Amino acid sequence: MTTRDIISWNTVIAGNAQNGLHEDALAMVREMGGAGLKPDIFTLSAILPIFAQYVDVDKGREIHGYVIRYGFDKDLYVASSLINMYSRCARVEDSIRVFKITRQRDTISWNSVIAGCVQNGMFDEGLRLFRQMLKDNVIPGSVSFSSIMPACAHLTTLNLGKQLHGYIMRCGFDDNVFISSSLVDMYAKCGHIRTAGWIFGGIKGRDMVSWTAMIMGCALHGYAEDAISLFEQMKLEGIRPNHVAITAILTACSHAGMIDEGRRYFDRMTEEYGIRPGLEHYAAMADLYSRKGKLNDAYQLISTMTTPTGTIWSLLLSACRVHKNVDLAEKVASKIFEVDPENIGARVLLSNIYANDGRWKEAAKVRMTMRNMGIRKNPACSWIEVKNKIHTFIADDKSHPLHDEINIALCELQEKMELAGYVADTSEVLHDVDDEQKKYLLYGHSERRAIAFGIMSTPAGTTIRVIKNIRICVDCHTAIKLISKIVGREIVVRDNSRFHHFRDGECSCGEYW
DNA sequence: ATAGGGTTAG
């Protein structure tokens, strides 16, 4: 073209930006400047996504400065690009600030800020904004739903997820693959693996993310065989797994103790799928070996990593506790404190390992170090949703309004359990107290209180769904199996890594967890 | 005539 105006420049810049030719797009902006034309709102909203993708907040902020100098900050397009850029760069506060000072808002700018919150783990804030959007009479679009659904998945707020699902169907968005994948994930994470499978089966044009969400769902529920067959089917359909899909299949193997299968996927991932093992893959493998009791194999594997993290060593440390290997535990713990001195979980674990071995002095020393460092552990807690309200239980916390009734219900259950042959397993109670007190401590475990509350506040036959922030202890696992049989209920417990479905005295994990 | 937002993952 002999004469180019701002529109012709912008058209080509956006074309490059949208097709991955980022450097060319940016070079053209400079060239355009050389030709005496200054970037306008179209130019800026076309190039801001580049800095969002490359997580380059310095460049993004430069653009923001330019935006303010030229008074472009009132523009909706520029605002949503800025909101998106800041949240992709993990600066949610900045992105919310841009949103708040933008008076004029539309669905897209709302979506940008909501997605930003959710992607950065601020689920409650995301939900609050979503509700505010509806209150302000802004019509949600399909993107609004696929942005908010992960919040329900992470918070395991099944009822809210279901309500949104209904809303999605009324809008006719249920054929959208982004939304269906997020629904598969939400239902699986909320314990409804069958509903997840049903939605997955109905997706037309499944993509890799849909498959991965379903595979991960199976992994979470311990259905490794299903996960493997889905993974193989996906490949047959010509879909190449990415690093997340591989993480999902390794997690599935790990939760079912399938060492050989897991090892095979891990060994072949680079040549078969062109993906180099990342932290998440090492973590899954370390977990697989650890849970299986192959502590030395886990140690070897982690040692081959260039920079193992505290999190990965911790997987092995918790296996040292289960398999009562104090020597290795000490070695592993020192590795953890080297890279991550603040690691609370590791110190708690180490102290418990000592306690379990009767080494109360060493255990107390670790606790003392923690106190001196001013760190406290998060308390174990369980929660259950009844009538749209989430009830939280912490061991020894008496604040629940039905505290006394729950205690009575637990006593009655305890009697029936003992009649059925239950003997409290106090071996995991790591306090230097006598057996009678140990039994009392077990009995106060948060998941039991949550389950007792669930049984008394729902009609007979209703499935009880409880979520817990740490692993179920051996004794509670035994107790819940019996409870499911005594009260004739299905009890679904999600701990920090997977689901347990208790029914008629059995658990779906088959004692492997 | 040109521009902005989304699903899986320790």
Side-chain angles (χ1 to χ4, degrees), chain A residues 4-15 17-18 25 32 39-49 52 72 75-85 87-88 95 98-99 102 105-116 118-119 121 133 140-151 153-154 173 176-186 188-189 196 199-200 203 206-217 219-220 234 241-251 254 278-284 286-287 309-315 345 496-497:
Chain A
R4 300 158 174 166
D5 64 4
I6 183 90
I7 295 173
S8 24
W9 279 105
N10 283 346
T11 307
V12 186
I13 289 167
Q18 286 164 2
M32 180 177 90
D40 67 358
I41 49 176
F42 288 85
T43 328
L44 299 173
S45 33
I47 60 164
L48 270 167
F72 292 154
D75 183 73
L76 265 177
Y77 287 74
V78 172
S80 14
S81 314
L82 282 170
I83 294 166
N84 184 245
M85 182 276 296
S87 62
R88 282 249 137 85
S95 95
V98 173
F99 176 76
T102 315
R105 294 160 184 175
D106 67 356
T107 302
I108 295 186
S109 51
W110 276 102
N111 290 347
S112 307
V113 72
I114 291 169
V118 175
Q119 287 162 356
M133 173 178 78
S142 60
V143 178
S144 315
F145 291 105
S146 47
S147 304
I148 197 63
M149 197 55 73
H154 284 278
F173 290 147
N176 176 302
V177 67
F178 286 81
I179 292 180
S180 340
S181 303
S182 73
L183 281 171
V184 167
D185 181 57
M186 185 276 292
K189 287 213 171 79
I199 291 172
F200 176 77
I203 302 179
R206 287 166 207 149
D207 61 7
M208 204 251 313
V209 176
S210 327
W211 284 95
T212 304
M214 193 65 230
I215 293 168
M216 200 64 206
L220 214 54
M234 170 177 85
N242 72 350
H243 68 114
V244 185
I246 309 224
T247 308
I249 195 67
L250 293 178
T251 306
S254 160
L279 274 180
E280 63 275 41
H281 307 109
Y282 276 103
D287 195 44
T309 61
T311 316
I312 292 188
W313 282 120
S314 297
L315 295 166
N496 52 350
S497 72

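In the text below, chain A, chain B and the rest are named by the order of the sequence lines, each starting its count at 1. Source: prediction; values computed, not measured.
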Visitor: So if I take every side-chain heavy atom of A:Thr311 and compare against B:dG6, B:dG10, B:dA3, which nucleotide ends up nearest?
Guide: B:dG10
Visitor: State which of B:dA1, B:dT7, B:dG10 makes the closest approach to the side chain of A:Ile7.
Guide: B:dA1
Visitor: Identify whether any heavy atom of A:Thr107 sits under 4.0 Å from a base atom; if not, whether one sits that close to sugar-phosphate; answer base, sugar-phosphate or nothing.
Guide: base
Visitor: Quick one: CE on A:Met234 to OG1 on A:Thr212, what's the gap to the nearest 0.5 Å?
Guide: 5.5 Å
Visitor: I'd like to know if A:Asp75 reaches the base of B:dG4 with its side chain such that a donor and an acceptor end up less than 3.5 angstrom apart.
Guide: no
Visitor: Send over the distance from A:Ile179 CD1 to B:dG6 C1', rounded to a whole Å.
Guide: 9 Å
Visitor: From C-beta outward on A:Ser146, which listed nucleotide comes closest to its side chain: B:dA1, B:dT7, B:dG4?
Guide: B:dT7
Visitor: Tell me what A:Asp5 touches on the nucleic acid: a base, only sugar-phosphate, or nothing, going by heavy atoms under 4.0 Å.
Guide: base
Visitor: In whole Å, I'd like the distance from the NE2 atom of A:His243 to the P atom of B:dA9.
Guide: 11 Å
Visitor: Is any N or O donor-acceptor pair between the side chain of A:Ser45 and the base of B:dA3 shorter than 3.5 Å?
Guide: yes
Visitor: Of the nucleotides B:dT2, B:dG4, B:dT7, which has the atom closest to the A:Leu76 side chain?
Guide: B:dG4
Visitor: Counting any heavy atom closer than 4.0 Å, what does A:Arg206 reach on the DNA or RNA strands: base, sugar-phosphate only, or nothing?
Guide: nothing
Visitor: How would you label the contact of A:Val78 with the nucleic acid (heavy atoms, under 4.0 Å): base, sugar-phosphate, or nothing?
Guide: nothing
Visitor: Using whole Å, report how far CE of A:Met216 lies from P of B:dT7.
Guide: 17 Å
Visitor: Choosing from B:dT7, B:dG6, B:dA9, which nucleotide comes nearest the side chain of A:Thr247?
Guide: B:dA9
Visitor: Taking the side chain of A:Phe42 as its heavy atoms from C-beta onward, which of B:dA9, B:dA3, B:dG6 lies nearest to it?
Guide: B:dA3
Visitor: Round to a whole Å and report the spacing from CH2 of A:Trp211 to P of B:dT7.
Guide: 21 Å
Visitor: What's A:Asp40 touching, base or sugar-phosphate or nothing? Going by heavy atoms closer than 4.0 Å.
Guide: nothing
Visitor: Looking only at side-chain N and O atoms, does A:Ser182 offer a donor or acceptor that is under 3.5 Å from a partner on A:Asp185?
Guide: no
Visitor: Starting the side chain at C-beta, find the nucleotide from B:dG6, B:dT7, B:dA9 nearest to A:Asp207.
Guide: B:dT7
Visitor: Measure the acute angle between the ring planes of A:Trp211 and A:Phe200, then classify it against the limits of 30° and 60° as parallel, tilted or perpendicular.
Guide: perpendicular
Visitor: Need one value for A:Leu44: base, sugar-phosphate or nothing, where a base atom within 4.0 Å counts as base even if backbone is also close, heavy atoms only.
Guide: nothing
Visitor: Separation of A:His281 atom NE2 from B:dT8 atom P, in whole Å?
Guide: 16 Å
Visitor: From the list B:dA3, B:dG6, B:dA9, which nucleotide is the closest neighbour of the side chain of A:Ala14?
Guide: B:dA3
Visitor: Return yes if the base of B:dG4 and the side-chain atoms of A:Ser81 contain a donor-acceptor N/O pair under 3.5 Å, otherwise no.
Guide: no
Visitor: If you only use heavy atoms from C-beta on, which nucleotide in B:dA3, B:dT8, B:dG6 is closest to the side chain of A:Ser142?
Guide: B:dG6
Visitor: Any N or O donor-acceptor pair linking the side chain of A:Ser181 to the base of B:dT7 at under 3.5 Å?
Guide: yes
Visitor: Distance check needed: B:dT7 P versus A:Phe200 CZ, whole Å only.
Guide: 18 Å
Visitor: Rounded to whole Å, how long is the line connecting atom CD1 of A:Ile6 with atom P of B:dT2?
Guide: 14 Å
Visitor: So does A:Lys189 get a side-chain nitrogen or oxygen closer than 4.0 Å to the phosphate oxygens (OP1/OP2) of B:dA9?
Guide: yes
Visitor: Choose from B:dG6, B:dA3, B:dT8 the nucleotide whose nearest atom is closest to any side-chain atom of A:Gln18.
Guide: B:dA3
